[in-house]
Protein chains: 2
Amino acid sequence: MDAETDDIRQNKQPARDLDPIDRKILGVLVEDATISYAELGERVGLSPPAAHERVKRLKRSGAIRATSAIIDPRAVKKPLLAFVHIDTRGWGKTPELMAVSKYPEVEEIHTVAGDTCMLLKVRTEDTRALEGLLARLYDTPGVTSTRSYVVLSTYLERPVQPEITPEWPAPKHMANPMY
Amino acid sequence: MDAETDDIRQNKQPARDLDPIDRKILGVLVEDATISYAELGERVGLSPPAAHERVKRLKRSGAIRATSAIIDPRAVKKPLLAFVHIDTRGWGKTPELMAVSKYPEVEEIHTVAGDTCMLLKVRTEDTRALEGLLARLYDTPGVTSTRSYVVLSTYLERPVQPEITPEWPAPKHMANPMY
DNA sequence: CATTGATGCGGAATTTAATTCGGCCATTAT
DNA sequence: ATAATGGCCGAATTAAATTCCGCATCAATG
């Protein structure tokens, strides 16, 4: 786990295309990444070492960005989900973005293609905390307005889903600002 | 992994509160769930078996809902992210909802509190695929309109984030409709 | 105030899985 | 035709998960 980890960090992408077995593997691991290579192999029709080899390749290529525990927001007292639309005219690239990404309430940050706004997915303990967050966002340099936000009740949810292959702007995985 | 798995499936929640060490554990596992209990223990100040015991409890209580591989949408050729707002007047509860959840493009389904609409987070290969999805959504029984949608470029993203404890409607984890 | 019971911890032992290794095909390039 | 490559398997090795057990702490109880 040395050269291998380095490869992953450097996001080396041999740009190899995914075959049907790779897809199956991704589907299985999105569901449950705790299974053994023996079981994974059985499900996709490979021996344990072969399955291991595949997964290693998928991680190295960046197809599998991380393996993460999915937390129940209720368990951590953050049941209130909201989407916040902020106007970002005069936005200075990464510095401010990093500031926003450090807010523990912010789960996702999306830039809108061809527009000067961003959409944030946030989760707070209650409405009071949400208001506090909005205030902080408004005070963030580069944010000219926090135009609208909708409070939602999560009904169904699942992790990111796979299906096929790549050509697009590089995504940066970020440090967990939580701890 | 028998009685234990059963417990998790049944979502048994001893409703125990999370202490600071639990939070640390969640934070570490959201970042990287592949580390050994030895390393996890070291990071949070516990022995490997103690760390293991904690994680087992967190899974049993439902705080950790799953351990999942995070997939790069580009690798599976689904780089186009969109949020779709659908009007759901005359919606008949679960059946139709399950239909929507079976669309592989749909990553998340959110019901808006106190409103008759839902917000979907979807990901497709290109605009053509997105249009096809919208057409299918419109034809879904219970959907009276697909009012608006915004196409976004994902800039930063991270898994669900933890912080503290529970009291809310039960969330159902769903089958992966991908395979 | 002592006793009992329950809970969580650490260290050692055991079981299980991850990982490595070598050899075998099949496909592709020379 | 032949060499080289890539991906697979089975066996062997290493590392981690899991179990076991005794100890300490804290809380409820007599």
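To find a chain, count down the sequence lines: A is the first, B the second, and so on, and within it residues start at 1.
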* Send over the distance from A/Asp22 CG to D/dG6 C1', rounded to a whole Å. => 14 Å
* What's the CD-P distance between B/Glu53 and D/dC21, to the nearest Å? -> 16 Å
* Can we say B/Arg128 and B/Glu131 salt-bridge, meaning some charged N sits less than 4.0 Å from an Asp/Glu carboxylate O? -> no
* Quickly work out the A/Leu40 CG to C/dA18 P distance and round it to whole Å. => 9 Å
* Contact class for B/Ser36 vs. all strands (heavy atom < 4.0 Å): base, sugar-phosphate, or nothing? -> sugar-phosphate
* Structure fact -> When rounded to whole Å, the CG to P distance for the pair A/Asp19 and D/dG7 reads 9 Å
* Phosphate contact (C/dT7 OP1 or OP2) by B/Arg57 side-chain N/O below 4.0 Å -> no
* Asked: In whole angstrom, what separates A/Ile21's CD1 from D/dG6's P?
  -> 18 Å
* Counting just side-chain N and O atoms, does A/His52 come under 4.0 Å of either OP1 or OP2 of C/dA18? -> no
* Asked: Taking atom C1' of D/dA24 as reference, at what distance in whole Å does atom CG of B/Leu46 sit?
  -> 15 Å
* A/Ile35 has an atom CD1; how far is it from atom P of C/dT16, in whole Å? -> 18 Å
* To do: Enter the distance from A/Leu58:CG to B/Ile71:CD1 here, rounded to the nearest 0.5 Å.
  => 7.5 Å
* With the threshold set at 4.0 Å, does a side-chain nitrogen-carboxylate oxygen contact exist between B/Arg54 and B/Asp19? -> yes
* To do: Determine the sole option in B/Lys78, B/Arg136, B/Lys121 for which the side-chain hydrogen bond (donor to acceptor under 3.5 Å, both in side chains) test with B/Glu105 is passed.
  => B/Arg136
* Asked: Which nucleotide, D/dA11, C/dG8, D/dC8, lies nearest any side-chain atom of B/Arg54?
  -> C/dG8
* Asked: What is the distance, rounded to the nearest whole Å, between atom OH of B/Tyr37 and atom C1' of C/dT16?
  -> 13 Å
